[in-house]
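Note sheet for the following structure.
Positions are given from 1 along the sequence.
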Amino acid sequence: MNSGIKTEFPAEVTHLVKDLLYPSESDEPIEWFSFNANIKDDLSAADVEFYLGYPPSVTSEEIPVENFWSPLLTVEEWYGDDERAQVERFQSAKQLLETNLKKIKAFRVGQIEIDLYLIGQLNEKEWGGLKTKLVET
């Protein structure tokens with residue numbers, strides 16, 4: 001019974017973010033990812049580093065979830081139809097994630113070339129969300 005949501009939901013998110021870019025110094029694609037982890041409490045930056053295989057030298061931090069979404073959901077006055085359609089797709093992706101994931105958090109890992117994650121719990125042992133790269137020099 002659960003498997004229907006489990007397979008349809010990631011496919012739906014993947015479809016929504018297909019060909020969308022996260023704005024930074026280099027606009028990067030956004031993609032769905034998932035991983036298995038048996039985490040009893042809330043996900044921490046240390047958990048992200050461990051489960052996603054980062055070396056100890058890499059720094060990471062939790063950021064407000066809205067910081068992940070704000071560059072994607074802001075509609076500028078100069079936006080044309082294409083940009084407005086992209087914002088609508090991001091709003092749909094946000095709703096879909098908020099409906100299907102629990103304990104959603106956002107994380108930044110690294111410096112200059114930063115891995116940006118929005119991660120939530122799919123079920124007891126599976127976590128997933130969106131990932132992209134930011135470039136900040």
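The side-chain heavy atoms of V48 and I119, taken from C-beta on, include a pair separated by under 4.5 Å. No side-chain heavy atom of V109 sits less than 4.5 Å from a side-chain heavy atom of L116. Counting only heavy atoms from C-beta outward, the side chains of L97 and W32 approach each other to under 4.5 Å. A heavy-atom distance below 4.5 Å is found between the side chains of P29 and L21. By the 4.5 Å heavy-atom criterion applied to side chains, Y54 and D115 are counted as neighbours.
Ionic pairing of E98 and K94 is present here: one or more N-O contacts between side-chain nitrogen and carboxylate oxygen are shorter than 4.0 angstrom. Comment: E136 engages R108 in a salt bridge, judged by a side-chain N to carboxylate O separation of less than 4.0 angstrom.
Contact record, L96 with F9: O-CE1, 3.5 Å, taken as the closest heavy-atom pair. Of all heavy-atom pairs spanning D42 and D47, the tightest one is O-OD2, 3.8 Å. For the residue pair S34 and L122, the shortest heavy atom distance occurs at CB-CD1, 4.4 Å. Contact detail for E62 and A45: the closest heavy-atom pair is N-CB, 4.4 Å. Shortest non-hydrogen contact noted between N38 and K40 is OD1-NZ, 3.6 Å. Contact detail for V75 and R84: the closest heavy-atom pair is CG1-NH1, 3.0 Å.
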Evaluate the salt bridge (charged side-chain N to carboxylate O under 4.0 Å, His left out) criterion for residues K133 and E25: first the C-alpha distance (whole Å), next the side-chain angles of each, then the deciding distance (0.1 Å), finally the verdict. CA-CA 10 Å; K133 197 171 271 309; E25 288 182 36; over 6 Å; no

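One distance of note links CD1 of I39 with NZ of K125; it measures 11.5 Å at 0.5 Å rounding. Note that NZ of K105 is 7.5 Å distant from OG of S44, once rounded to the nearest 0.5 Å. Atoms OG1 and CD, on T137 and Q111 in that order, are 13.0 Å from each other to the nearest 0.5 Å. Distance CG/L118 to CG/L130: 5.5 Å, rounded to 0.5 Å. Atom CZ of R89 and atom CD1 of I30 lie 9.5 Å apart (nearest 0.5 Å). Separating the OG atom in S60 from the CZ atom in F50 is a distance of 13.5 Å, to the nearest 0.5 Å.
Linking Ile, Leu, Val, Met, Phe, Trp and Tyr whenever their side-chain heavy atoms come within less than 4.5 Å leaves F33 and V17 in two separate clusters. The cluster map of Ile, Leu, Val, Met, Phe, Trp and Tyr, joined by side-chain heavy atoms under 4.5 Å apart, puts I114 and W69 in the same cluster. Residues V13 and F35 are members of separate hydrophobic clusters, defined by side-chain heavy-atom contacts under 4.5 angstrom among Ile, Leu, Val, Met, Phe, Trp and Tyr. The hydrophobic clustering, which links ILVMFWY residues whose side-chain heavy atoms are closer than 4.5 Å, places F107 and L101 apart.
Note: F90 and Y22 fail the aromatic proximity criterion, with ring centroids not under 6.0 Å apart. W127 and Y117 have their aromatic ring centers separated by at least 6.0 angstrom.
No hydrogens or angles considered: nothing links the side chains of E31 and T14 as a donor-acceptor pair under 3.5 Å. When only modelled atom types and interatomic distance are considered, E28 and S26 share a side-chain donor-acceptor pair under 3.5 Å. Looking only at atom types and distance, the side chain of Y51 has no donor-acceptor partner in the side chain of N36 under 3.5 Å away.
Side-chain atoms of Q121 come within 3.5 Å of backbone N or O of N123 as a donor-acceptor pair. At least one donor-acceptor pair closer than 3.5 Å links the side chain of E83 to the backbone N or O of G80.
Open room surrounds CG on D81; 12 or fewer heavy atoms of other groups in view lie less than 6.0 Å from it. Within a 6.0 Å sphere centred on CD of E61, heavy atoms belonging to other residues, nucleotides or ligands number more than 12.
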